[in-house]
Amino acid sequence: MSTWVEMLKSSQKTCLVQDGRKKIHYTFKNHTEMAEEYDMATFDLSVRKFRKKSTLGSSGQWEYEIGEATNITNIEELSIRESNTTPRFSAKYSKNAFQWRIRNLPYPLDNYSITVDDEKRQLVLRTKNKKYFKRISIPDMDRFHLPLDQNAVKLAHANNCLIISYQKPSQIIEHEKALHKELRKMKASKDGDVECNPS
Amino acid sequence: MLQAAATAGSVQEVREITRVERIGAHSHVRGLGLDDALEARQVSQGMVGQLSARRAAGIILEMIRDGKIAGRAALIAGHPGTGKTAIAMGMAQALGTDTPFTSIAGSEIFSLEMSKTEALTQAFRRSIGVRIKEETEIIEGEVVEIQIDRPATGSGQKVGKLILKTTEMETVYDLGSKMIESLTKEKVQAGDIITIDKATGKISRLGRSFTRARDYDAMGPQTKFVQCPEGELQKRKEVVHTVTLHEVDVINSRTQGFLALFSGDTGEIKTEVREQINTKVAEWREEGKADIVPGVLFIDEVHMLDIECFSFLNRALESDLAPILIMATNRGITKIRGTNYSSPHGIPIDLLDRLLIISTSPYDEDEVKQILTIRCEEEDVEISEDALSVLTKIGQDTSLRYAIQLITAANLVSRKRKGTEVSVDDVKRVYGLFLDESRTISFLKEYQKSFMFNEVDDEAATDPKGDADGDAMDVS
């Protein structure tokens, strides 16, 4: 059993069904929070995000491992943000592959190259015209200490969007199957439920 | 020569900044003006005279820099307008931005929203810094282009765009008005390598890119060239920064979850929270994760505190997390507020006993002249030699503050008559227009009878001296 499974088991979990999605909130022992959202019908994982307590004790922003932030932030609050024409990176995992989409990338497919950095355990995406660069780590692979394989990566480009897929190893597919079985069993409170009974 | 270069360089800057930072009463003070042996130079860093007081302040400064001794207190006592606040400001400047320096006036702690002791505790905790490593997200890259659009109507939000690059990538950023302001303040331009702290919006300029080394022939001596950064623009970095204990308190006292909507921003902070933080900070210190940076709390007009505050101070100074406390007062032997007892400086003897007392003396003629010259420079006022002598005489006869006020007024008069510099006539004119303290008293004495309510209350009107004093005090 890996430490990740242990962590999941020992965490405190709450579950909620909202907008046809099963939302699960985990609080780990080190006060880190994780939230996941599964589609009720297909049980695809659409969002997985983390929130850590900073050293000083403030709770920071949610960090998205899968999916992307939906709330539109006000520029005056942040004072700097990426323009909406710049490439936007998001992860979406399917049943058999880890998949990342980078929208707003108009350049043709031969502009991109992707390599595996074994030392840092990351995929490295480069562009020939030096417009975009990204180091992609696969947290799920790290959690199971699996080596990265260059042959498992595929690139595709369509509609200004670059799609990178990495074939999931069988170990992970099996783990997810088992996990989903557990999660399906979890009782969820319905949206609009109140915790106390109003008399 | 060097001075000339410096002023030439700063002209543009001053024009840009005056709108943000106005010229205050002490904006000419840039330090204590001491040499390496802590001897005070006669005129330096905007400070003039008060040699022994400045020297004493310098020694206290060393004590603060050492950071070993907690809870010491000093009192700067002297007549109105002898540079007490200026010395405190000089100390703040000399300490730099990394050491917390909190400046409050004695009357500030009397508020309806907060108890006196809470306000004092907050001020104390604002003056203790914690240097700690924290992971933050930063943007690091070379500026390719910076574009700021002012709206055609002249008012409204500015919009801006910033293009940054590394050796591998390039990204366009939208800018908010705060970021635009700090970018212009830092004078960031294409070719600079900068980092932006995403959480705080703090910009630091690392230098200029090597690829831009040939852009200009002439270069300042402090221009540093650095390589264009590699990899991604956004990085996570461990940054060491200083936060005050009060900031940590506020972060941890916010109610979590939806209750946060209903709680006010600060208000009073629970003692339990503070205790928790104290133990946490002690833990960090032992683990070597954090350092304590003791700072300075400056309480101006300290005679405005009452007896409860003084006994609180006695107690608070004993804590090992206490900052260096500096107080200033212009009172002699007077009543302690909240009691019927008199005491030197209006401070109880038991607290006075713990203080190092620095006294300031009145300025002599040369010093007054020097200060007026410095103020003229600070306010960009050209003044003739004669006018300056007249102003010095006025400063000696009335008060330094009055003379300083006349500079601005005389400058306006001279500009209205399209003069190039302030002449004796301009000074005379404003001297006639605005009364000083002693003339207003003699005026009042003469025409006392014709003022309102005079026939009812005779005693109150014979004490205008006290009122005038109170006004002069508020300026400091």
Side-chain angles (χ1 to χ4, degrees), chain A residues 14 25 27 31-33 50-64 72-89 102 104-107 111-115 117 120 122-137 162 194-195, chain B residues 130 132-137 139 157 159-183 196-201 203 230-236 238 241 243 247-254 256-257 260 273 276-277 280-281 284 289-290:
Chain A
T14 16
H25 181 274
T27 313
H31 298 294
T32 308
E33 293 169 86
F50 288 87
R51 186 162 71 175
K52 269 193 236 159
K53 279 237 156 121
S54 78
T55 343
L56 292 177
S58 62
S59 53
Q61 297 280 318
W62 283 103
E63 277 169 37
Y64 284 76
I72 298 152
T73 47
N74 182 9
I75 181 92
E76 287 313 312
E77 260 170 56
L78 276 171
S79 73
I80 187 164
R81 70 160 178 225
E82 280 156 24
S83 157
N84 51 15
T85 56
T86 52
R88 212 148 274 270
F89 176 90
I102 305 167
N104 288 335
L105 268 183
Y107 322 108
N111 190 23
Y112 312 101
S113 73
I114 190 148
T115 46
D117 182 345
K120 285 190 177 160
Q122 281 171 326
L123 303 177
V124 183
L125 175 74
R126 285 170 216 276
T127 47
K128 276 186 195 143
N129 60 359
K130 305 284 181 206
K131 289 290 182 196
Y132 193 74
F133 176 87
K134 180 90 188 167
R135 292 185 157 271
I136 306 163
S137 25
L162 182 74
V194 206
E195 277 185 14
Chain B
V130 183
I132 193 160
K133 249 191 222 157
E134 237 197 329
E135 199 180 57
T136 50
E137 213 156 77
I139 305 170
Q157 296 287 340
V159 270
K161 208 173 71 172
L162 175 73
I163 306 180
L164 289 177
K165 71 163 187 185
T166 66
T167 50
E168 306 274 6
M169 68 183 291
E170 200 177 286
T171 302
V172 186
Y173 290 93
D174 289 335
L175 303 174
S177 57
K178 250 194 212 155
M179 187 57 71
I180 291 173
E181 207 171 90
S182 39
L183 281 169
I196 301 172
D197 186 332
K198 254 197 133 182
T200 60
I203 301 168
E230 287 173 357
E232 284 171 277
L233 270 163
Q234 278 199 40
K235 288 167 196 161
R236 296 189 144 274
E238 289 235 301
H241 63 162
V243 289
E247 283 167 331
V248 185
D249 288 350
V250 171
I251 290 170
N252 284 281
S253 69
R254 287 223 178 100
Q256 300 292 326
V273 173
Q276 236 175 20
I277 303 251
K280 218 176 183 181
V281 168
W284 291 338
K289 273 196 210 154

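Naming convention: chains lettered A, B, ... in sequence-line order (proteins, then strands); numbering from 1 in each chain.
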Report task. For residues A/N84 and B/D174, report the shortest heavy-atom separation together with the two atoms involved. Result -> N-OD2, 4.2 Å
Requested in this report: May I ask you to check whether over 12 heavy atoms, not counting those of A/H31, lie within 6.0 Å of atom NE2?
Outcome: no
Report summary line: Under 4.5 Å to a heavy atom of chain A? For B/T136 that would be neither
Query raised in the report: With the threshold set at 4.0 Å, does a side-chain nitrogen-carboxylate oxygen contact exist between A/K130 and B/E170?
Result: no
Requested in this report: Determine the sole option in B/L175, B/I203, B/L183 for which the side-chain contact (heavy atoms from CB on, under 4.5 Å) test with A/I80 is passed.
Outcome: B/L175
Query - Part of B/L162 lying under 4.5 Å from any heavy atom of chain A - result: side chain
Query - Per-residue contact mode, B/V130 against chain A (heavy atom under 4.5 angstrom) - result: neither
Report summary line: Those residues at least two apart in sequence (or on a different chain) that pass ring pair (Phe, Tyr, Trp, His ring centres under 6.0 Å) with A/F50 are none
Report summary line: Hits for side chain to side chain donor-acceptor pair (under 3.5 Å) against A/E82, two or more places apart or cross-chain, chain-then-number order -> B/Q234
**Report entry** Top of B/E247, B/E135, B/M169 for chain A proximity - count of heavy-atom pairs under 4.5 angstrom
**Finding:** B/M169
Report summary line: The reported gap from CZ in A/R135 to NZ in B/K235 (rounded to nearest 0.5 angstrom) is 10.5 Å
Report task. Counting only heavy atoms closer than 4.5 Å, note whether B/I196 contacts chain A via side chain, backbone, both or neither. Result -> side chain
Query raised in the report: Which answer fits B/K289, side chain, backbone, both or neither, if we ask what part of it has an atom under 4.5 Å from a heavy atom of chain A?
Result: neither
